[in-house]
Amino acid sequence: MTKEEARRLVRKEKKQVSQEEIQQGSKRIIEKLMSHKGFSELEAVYCYVSYNQEVETKDFLYTCLKLGKRVYVPKIINGNMEFCHLRAMEDLKTGYQGIFEPADTIISKETEVFMVLPGLAFDTSYNRVGYGGGFYDRFLQTHVFKELVKVAVAFDFQIFEKVEADAYDEKVDQIITPTKMI
Ligand SMILES: Nc1nc2c(c(=O)[nH]1)N(C=O)[C@@H](CNc1ccc(C(=O)N[C@@H](CCC(=O)O)C(=O)O)cc1)CN2
Ligand SMILES: Nc1ncnc2c1ncn2[C@@H]1O[C@H](COP(=O)(O)OP(=O)(O)OP(=O)(O)O)[C@@H](O)[C@H]1O
C-alpha cells in the first residue's frame, strides 16, 4: 500500500481509539522499552514528546530523567529537527505544531544513543511512515553515530505487512507494540 493509504487508515483508527487503550498500550510499550538491552547499555536517550493519539512517552521520559540518563527530545529549529537536552519535564513549552519542546536550545553532541521514534505507520520490513515532514529521515541522513539503536513504538493498528518506501526513507531497527516486538 502507499504511504498515503497507510496514513489515511491510521488516522481513521486513531479517531476510534479510547484514552484507556492509549494509556494501557503505552504502559506495556514503556515496560518493554525499559527492559531493552540497548536501553540498559546506552546512557543517552533520544525520545519524542507524545501529542494527540501517539504512544504516550511522558512517563518514559520522566523515568529516564530519574534514572540519570541524558535525555534529548526533538525541537524544530529553522525547519530542521535537532535533539535538545531536557533537564526536567518542567522545561517543556509548546512548540512546533503544538508539540512540547525544551525552552532552551542545547543541541545534543552524543554519538551513542538509544532512540525512540514515533510514526503513523510501519511495516514488518521496518519501514516507517511519519506525518510527511521528512524530519527523521533528514536527521538520520545528516548525523553520524558511533552507535544508534532505533526503536519505533506504535499501536498494533499502525503495523502493516507492506508499505511503499522511498529511497530516502530510513528504516528502524525494531518496532515495539503493546503485544509484539518486531
Ligand atoms: N510527538 C512528536 N514529535 C515530533 C514528531 C512526531 O512525529 N511526533 N516529528 C516527526 O517528524 C517532528 C515533528 N513533525 C511533525 C510534522 C507534521 C505534523 C502535523 O502535520 N500534524 C498535524 C496533525 C497530525 C495528526 O494527528 O494526524 C497537525 O497538527 O495538523 C506534526 C509534527 C518532531 N517532533
Ligand atoms: N533527503 C531527504 N530525506 C528525506 N526526505 C526528503 C529528502 N529530500 C526531500 N525530502 C522530502 O521530505 C518529505 C519526506 O516525506 P516522508 O513521507 O518520508 O516523511 P515522514 O518520514 O513521513 O516524516 P517524519 O520523518 O517527519 O515523521 C518528502 O516530501 C520528500 O520529498
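Numbering of ligands and ligand atoms starts at 1, following listing order.
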Nearest-neighbour protein heavy atom for [atom], which is reported as residue plus atom name and distance:
atom: atom 34 (N) of ligand 1; answer: P74 CB, 3.7 Å
atom: atom 13 (C) of ligand 2; answer: G132 O, 3.7 Å
atom: atom 4 (C) of ligand 2; answer: Y168 CD1, 3.2 Å

Taking distance alone, with N or O pairs closer than 3.5 Å, would you say [X] contacts ligand 1?
X: R128; value: no
X: Y96; value: no
X: Y51; value: yes
X: N52; value: yes
X: Y48; value: no

Can you sort out which atoms of ligand 2 are near [X], meaning under 4.0 Å from one of its heavy atoms?
X: Y136; answer: 25 (O)
X: R7; answer: 16 (P), 17 (O), 22 (O)
X: Y131; answer: 22 (O), 23 (O), 27 (O)
X: R128; answer: 21 (O), 24 (P), 25 (O), 27 (O)
X: K3; answer: 16 (P), 17 (O), 18 (O)

If you scan the protein for heavy atoms around [atom], do you find one that is closer than 4.0 Å?
atom: atom 30 (C) of ligand 2; value: yes
atom: atom 10 (N) of ligand 2; value: no
atom: atom 18 (O) of ligand 2; value: yes

Quick one, H36 with F114, criterion ring pair (Phe, Tyr, Trp, His ring centres under 6.0 Å). Give me CA distance, side-chain angles, the key distance, then yes/no. CA-CA 10 Å; H36 196 286; F114 183 77; 5.3 Å; yes
Using the six-membered ring wherever Trp is involved, compare the ring planes of Y51 and Y131 and label them parallel, tilted or perpendicular (cut-offs 30° and 60°).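 The rings of Y51 and Y131 stand perpendicular, inter-plane angle above 60°.
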Between K150 (side chain) and L117 (backbone), is there a donor-acceptor pair under 3.5 Å?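 A pair under 3.5 Å: no.
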Which is it for M81 and ligand 2 at heavy atoms under 4.0 Å: side chain, backbone, both or neither?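 No part of M81 comes within reach of ligand 2.
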Have a look at ligand 2 and work out which part of D169, if any, has a heavy atom under 4.0 Å from it: side chain, backbone, both or neither.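 Contact part for D169 vs ligand 2: side chain (C-beta onward).
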Centres of the F135 and Y96 rings: under 6.0 Å?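 Yes, they do, as the ring centres are separated by less than 6.0 Å.
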If we count only N and O atoms by modelled type, under 3.5 Å, do the side chains of Y46 and S108 hold a donor and an acceptor together?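 Yes.
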Of all the heavy atoms in E170, does at least one lie under 4.0 Å from an atom in ligand 2?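 Not so, E170 does not reach ligand 2.
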contact_flag P118 ligand 1 heavy-atom lt 4.0 Å: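 Heavy atoms of P118 do come under 4.0 Å of ligand 1.
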Are G133 and ligand 1 in contact, using a heavy-atom cut-off of under 4.0 Å?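 Under 4.0 Å: no for G133.
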With respect to atom 33 (C) of ligand 1, which of Q97, R138, M81 exhibits the smallest heavy-atom separation?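 Considering heavy atoms of Q97, R138, M81, the nearest to atom 33 (C) of ligand 1 sits in M81.
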Contact check: G134 vs ligand 2, nitrogen or oxygen atoms, below 3.5 angstrom: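 By distance alone, the answer is yes.
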Are Y72 and F100 linked, directly or through intermediate hydrophobic residues, by side-chain heavy-atom contacts shorter than 4.5 Å (ILVMFWY only)?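 F100 and Y72: separate clusters.
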